[in-house]
Structures are given as structure tokens and as C-alpha cells.
Amino acid sequence: MLTQVVIIGGGPSGMLLGQLLHKQGIETVVLERQTRDYVLSRIRAGILERGTVELMRQAGVAGRLDCECFIHDGTLLSFNNQCFQINFRKHTNSSVVVYGQTELTRDLYDDREAAGAKIIFEAQNVIIEDVERGSPKVNFNVNGQLQSIRCDFVAGCDGFHGVSRQTIPKSKRREFEKTYPFGWLGILSETPPVNEELVYAHSERGFALCSMRNRNLSRYYIQCSLSDKVKDWTDLNFWDELKRRIPESLADLLVVGPSVEKSIAPLRSLVTEPMQWGRLFLCGDAAHIVPPTGAKGLNTAVSDVYYLFQGLIRYYQDGESGDLEKYSERALSRVWKAERFSWWFTKLMHRFPDQSEFDQKMQQAEIFQLRDNANAQAVMAQNYVGLPY
Ligand code: RFL
Ligand code: PHB
């Protein structure tokens, strides 16, 4: 098989890159390890920056998103029983939208299928070769048969557990990592959201987040111990704990119901440098991870897609490889800003096991600074709605 760009990974970054390239007449093959149903059953991001929405529009796949998304002009922050708003619109003249990653990925799958562009599900044992010189070759197994594709470039969009990052020799890459001593236990429930805007809650019992997907689908998270198991958390325990962590006025309004999904995710910050090795380019979670507190993971994956798309377009349309050579530098410059914001917001809102009373007072002082200081609010709002590309 022969193509222009092989995209490893059919998550949101791989699918969006594929769609953008397809619209410009550049041929791609997407290799996805899982089935379509499996990918679409993973509950992940819920908040999209404006830049993400714009790129979906540019790819011609924002029809349903534009109709069904919810625009959020601000978010609530709470400290124990006190609650205040960070107003995005006032400070940035911008907003974010609520639209689930699952739905975004479904839209991208539907469009790719309608366009007849190639996607191979259940592609096993992907091996990437010859990226340093000549044309790369990607080998994989499907239905027990070995196949290979020759191409001009490989986009490694295969997430944190993928093969692309590992393909870059250890001597050619550096990883900067921080793990956090807690995880997030999340549930999805077919109940109306407790509040119109998201609520990020700092409490003595740990962090909690009230989010949503639509008018009758809520997503809630609580900080949990890394040793906790999903089966140990009954729905009843979850709701009880959530109520204790959010302001009483909201706890009184909380509508509870059976969970339709429940999972635990560890929190991690990770950046790989550089994000390119020869003709292999890393995109999204394959290159970097943020803790979910700032809602930056998917949005940063999308900004990588933007820079890589620009580079590939210049190459194919103008014969210029300069933008491709600058890909890693450009992407990383924005990645580190998102990493900083996610790390800062995570440190501010969670209880740490080894935290002193002094540390707690510092968190409190900083949260009150956010409450009282318009400049601090503006910085938070600018980062939350997304820094420019
Ligand atoms: P993905 O989504 O992991 O997709 C990678 C795809 O590659 C496939 N794959 C392979 N395919 C072929 N061969 C291999 N060897 C392969 N290895 C893996 C996988 O099956 C998969 O389909 O990476 P991508 O596309 O870079 O997208 C990144 C986002 O998924 C991620 O950053 C976000 O979900 C993070 N995130 C959030 N981001 C936001 O911007 N806003 C949010 O509100 C938000 N909330 C979250 C989140 C992540 C969470 N978890 C579970 C970590 C909330 C949570 C709880
Ligand atoms: C979500 O709705 O899943 C969500 C929203 C905001 C975050 C993280 C996750 O910061």
C-alpha cells in the first residue's frame, strides 16, 4: 500500500488531522488499534476552546457541534462554602463550549466514512520504520495478516500508551514528567447538571468538579486516592462525598441517580521533547499529558494538529518544508503554557497528602486573590478559554 500520510491512532487528534488533510486533497490512512465502538465508549473531555471549534469548522465537521454545544461564558470556583465566578466573557470577550469528546470523535468518524477515506480498525502490532531517511514504512497486522504502507510522513496520534513516542530512540528524546499523589473518580449520570456553569470545588475533603454533557447528562468528579478501586465506590458513597465537597447551596440542588459510567484516572504531567524525529511527528497525548483540571488535554492535542497541518500544507502545496521543521518548536511553545496552567490549577484546587497548614493557607490566599483581583481573574480566564495559536 502507498499513501501520503499514515496517521497512527483514530482518537480525536488523528481523526481531525485526517479530515483537514483530506479536505485539501492529501491522502491519508488512519490505523486504529481498537474498534470504532470501543473508541466511542471512552468518556473523556467535555470542554472545547474556541480554537478547537474553529478547526472543527475548517475541517467541515462542526455542523452538529454548532447546533448542540452549550456556550459557557464563565465557571464557578468554590472554597469550602464560598463560591465565586470567573467570567470569561468579561475578561477575554471569549468563551468555551461544552461538547463531549465522544461526540466530536463520532462526528469525525461519520465524516471520514462518508468521504470514503481509509481507516483500518483493530490494526495490531504497528511498527514504524525508516523515518530518518527516505520514505517511512508502517507495518501492522490486521485479521492475522501482515500489511505494510509506504508513505511520505507518519503522524503519531496514538495517545499516551501508543507506539509512536517509543519509536523515537531514547537517546533522541527527553521526557519531563510529574505524577500527582491522587486520581479522579468520575461518574456520568442521566440527571440534570447541578449548575449551568462548571463548578471547580476546593474543600477540606479534597477536590470536586461538577460538569455536564447536556441538559440531562451530568459528569461529576471527585479527587480520590490512587489505591481506590472503582468497585469500592458505590453510587451512594459517591453522591455523599460529592455533596460534602461542594457548597451547601449547590449540594441541596444536586439531583442524584444511577451512574451510567464510573472510572478512575490517575493525574500526570508529561512532555516529550522534541515532538519530531525525521519524518515522524507526535501529536496530542502521544507527546504530552496534562492533569485534567484545566480541561487542556484535547485542546492542546488540537493545537498540535493545527501546527502539523500548516506544515504539511506548506510542504505539499508550496514545496516548502520550513514549517514542518519548525513543528516541534511551535507546538512545544504552546504545550508548555498549557502544562503550566494545568499544573498550577491542579496544585491550587487539590488536597495533597503531605500538605502543611501553611501550604493550605497559601492555597486559600491564592483562591481569595482570584476571587478579589480582576487581574488574577483575567489571567485565569485567558488560559482557560485557550491561548492563541
Ligand atoms: P487519544 O484520545 O488517547 O487517542 C489515541 C488513539 O490511538 C489509539 N492507539 C493506537 N492505534 C494504533 N496503534 C497503536 N499502537 C495504538 N496505540 C493507541 C488508541 O486506541 C486511541 O484511539 O489521544 P489524542 O487523539 O491525542 O486525544 C487526546 C485526548 O483524548 C485527551 O487529551 C483528553 O481526553 C484529555 N481530557 C480532557 N481534555 C480537554 O481538553 N478537556 C477536558 O475537559 C478533558 N477532560 C480528559 C478529561 C482526560 C481524562 N482522562 C480519562 C485522562 C477528563 C478525563 C477524566
Ligand atoms: C469533563 O466534563 O469531563 C471535564 C470538564 C472540565 C475539566 C475536566 C473534565 O477540567
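Ligands are counted one by one from 1 in listed order, and the atoms in each one are counted from 1 as well. What's counted below: heavy atoms across the whole structure, side chains too, no hydrogens, waters or symmetry copies.
Under 4.0 angstrom from ligand 2, the non-hydrogen atoms of Leu198 all belong to its side chain. Under 4.0 Å from ligand 2, the heavy atoms of Leu209 that appear belong solely to its side chain. Contacts of Ala295 with ligand 2, taken as heavy-atom pairs under 4.0 Å, involve both backbone and side chain. When non-hydrogen atoms are compared, ligand 1 lies under 4.0 Å from the side chain of Ile8 (C-beta onward) but not from its backbone. By the criterion of a heavy-atom distance under 4.0 Å, both the backbone and the side chain of Asp158 are placed next to ligand 1. Here Arg213 has side-chain heavy atoms under 4.0 Å from ligand 2, and that is the only part of it that gets that close.
Nearest non-hydrogen protein atom to atom 31 (C) of ligand 1 is Asp285 OD2, 3.3 Å. When only non-hydrogen protein atoms are considered, atom 38 (N) of ligand 1 lies nearest to Leu298 N, 2.9 Å. Atom 25 (O) of ligand 1 has its closest protein heavy atom at Ser13 OG, 2.8 Å. Closest protein heavy atom to atom 46 (C) of ligand 1: Ala45 N, 4.1 Å. Counting protein heavy atoms only, atom 3 (O) of ligand 1 is closest to Arg44 NH1, 3.3 Å. The closest protein non-hydrogen atom to atom 8 (C) of ligand 1 is Glu32 OE1, 3.3 Å.
Put simply, no part of Lys296 is less than 4.0 Å from ligand 2, judged by heavy atoms. Judged by the shortest distance from any of its heavy atoms, Pro12 lies inside the 4.0 Å radius around the atoms of ligand 1. Ligand 1 has at least one atom lying under 4.0 Å from a heavy atom of Tyr221.
Phe345 and Tyr384 have perpendicular rings, their planes meeting at more than 60° on a 0 to 90° scale where under 30° would count as parallel.
Between Arg213 and Glu261, no side-chain nitrogen of the basic residue sits less than 4.0 Å from a carboxylate oxygen of the acidic one, so the salt-bridge criterion is not met.
Atom 30 (O) of ligand 1 has its nearest heavy-atom neighbour, among Gln101, Arg42, Glu49, His288, in Gln101. With atom 10 (O) of ligand 2 as the reference point, the heavy atom nearest to it among Tyr384, Trp184, Tyr200 is part of Tyr200. Across Gly11, Cys283, Gly10, heavy-atom proximity to atom 4 (O) of ligand 1 is greatest for Gly11.
Checked against side chain to side chain contact (heavy atoms under 4.5 Å, CB included), Glu241 has the following partners two or more places apart in sequence or in another chain: Arg205, Ile222, Trp233, Arg244, Arg245.
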